[in-house]
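Below is one structure, written out as structure tokens; comments come after it.
The chain is numbered in sequence order, starting from 1. What you see is a predicted model; the values in this text were computed from it and never measured.
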Amino acid sequence: MGPVSTALVFAGGDPPAEHVRRHLVAAELVIAADSGLAHARAVGLPVDLVVGDLDSVVAADLDAAVAAGAAVESHPAAKDATDLELALLAARDRGAGDIVVVGGHGGRLDHFLANLLLLATPALAGVRVSALIGDAEVTVVRDHAELSGAPGAHCSLLPVGGPAEGVRTERLRFPLVRETLFPGSTRGVSNEFVVATATVTVDRGVLLAVVPEAGEGS
């Protein structure tokens, strides 16, 4: 397979929310991180690649995926990265310019936090990354991003990996004008959409833009 423009990466954890099927973008590559295979199958998507140590994937699901043409990239259980990280790197290495992660919530709190922080890994600095996690949509903002949400819906901007400097927003109720957001501060929490789209720009640093009610009314 040559380079792809968009990849969907299905994580493990709780099944995708009901609205996820309607929010999925068209993708040239679908990757499942271990038990994420069941979630991809649940929304009716054939999987191109299964990645992980395969300790939680259902054997029947794996057999069916392989019979349908999926490749398997197996890793030992004693490894230095989670299945989701390996899947994201596999998408990057296949040339994906956009990666949409589906799932990754539920279960252990440490896994959930690690999955959120993983979205902003420097290893994906050249890729546009977003995620559909439960009812929320998360967008990694490294320079500029356009966000979608119903008027009145919340939007929180969370810096990761250090301060986010020169943060500017448009069409959010409480504007930020070249502000610095520090990790551990709640300055960027619970802003609101004024109209259906908003923009966020950052000069230096990385933000996670979280729209927690993305699935409501969809």
Whether the side chain of D34 engages the backbone of G52 through a donor-acceptor N/O pair (distance < 3.5 Å, no angle test) should be reported.
no
CG of L117 to CD of E85: how many Å apart, nearest 0.5 Å?
11.5 Å
Starting at CG of L118, measure out to NE2 of H111 and round the result to the nearest 0.5 Å.
12.0 Å
Salt-bridge criterion met for E73 and R94 (N-O under 4.0 Å):
yes
Minimum heavy-atom distance V101-A11, with the two atoms named:
CG1-CB, 4.5 Å
Which heavy-atom pair separates D14 from G106 by the least distance, and what is that distance?
OD2-CA, 3.4 Å
Closest approach of P151 to V194 (non-hydrogen atoms, all atoms of both residues)
CB-O, 3.6 Å
Count the heavy atoms of every other residue, nucleotide or ligand shown that sit under 6.0 Å from CG of D63, and state whether that count exceeds 12.
yes
Search all heavy atoms of S35 against all heavy atoms of G13 and return the closest pair with its distance.
OG-N, 4.4 Å
Hphob cluster co-occupancy, L157 + F174, side-chain heavy atoms under 4.5 angstrom
no
If you look at every heavy atom in A33 and A87, which pair is closest and at what distance?
CB-CB, 3.9 Å
In Å and rounded to the nearest 0.5 Å, what is the OG1 to CG distance from T199 to L147?
8.0 Å
Non-hydrogen side-chain atoms of V189 and L158 separated by less than 4.5 Å
yes
Partners of E165 by side chain to side chain donor-acceptor pair (under 3.5 Å), sequence neighbours excluded?
R204
Using a 4.5 Å cut-off on heavy atoms from C-beta on, say whether the side chain of V43 contacts that of F10.
yes
Residues E28 and S5: side-chain donor-acceptor under 3.5 angstrom
yes
For the student: nearest non-hydrogen atoms of V167 and V200, plus distance
CG1-CG1, 4.5 Å
State, with a plain yes or no, whether a side-chain heavy atom of L124 is found less than 4.5 Å away from one of V140.
no
Quick one: pull up CG in L29 and CG in D98 and give me the separation to the nearest 0.5 Å.
12.5 Å
Step by step, work out the side-chain contact (heavy atoms from CB on, under 4.5 Å) result for I31 and I99.
CA-CA 10 Å; I31 298 178; I99 297 176; over 6 Å; no
Test item: D53 side-chain N/O and D83 main-chain N/O as donor-acceptor pair under 3.5 Å
no
Counting C-beta onward and ignoring hydrogens, is there a side-chain heavy-atom pair between T180 and F182 closer than 4.5 Å?
yes
If you round to the nearest 0.5 Å, how far is CG of L37 from CG of D61?
5.0 Å
Check whether N191 reaches the backbone of S156 with its side chain - one donor and one acceptor, N or O, closer than 3.5 Å.
no
Do L86 and H75 have side-chain heavy atoms sitting under 4.5 Å apart?
yes
Honestly curious: do L89 and V206 fall in one hydrophobic cluster under the side-chain, below-4.5 Å linking rule?
no
Under the side chain to side chain contact (heavy atoms under 4.5 Å, CB included) test, residues paired with A198 that sit two or more places apart
R171, L172, F193
Give a yes or no on whether the backbone of V127 and the side-chain of R92 come within a donor-acceptor separation of less than 3.5 Å.
no
So OG1 of T186 and CG of L181: to nearest 0.5 Å the spacing works out to 10.0 Å
pair D135-E213: side-chain heavy atoms closer than 4.5 Å
no
How about L88 and V129: do any of their side-chain heavy atoms sit closer than 4.5 Å?
no
With heavy-atom distances below 4.5 Å as the criterion, would you say the side chains of R178 and D203 are in contact?
yes
Does anything in residues 140-153 pair up under side-chain hydrogen bond (donor to acceptor under 3.5 Å, both in side chains), and if so which pairs, sequence neighbours excluded?
H144-T201
Stepwise side-chain contact (heavy atoms from CB on, under 4.5 Å) test for V210 and L116:
CA-CA 10 Å; V210 182; L116 281 176; over 6 Å; no
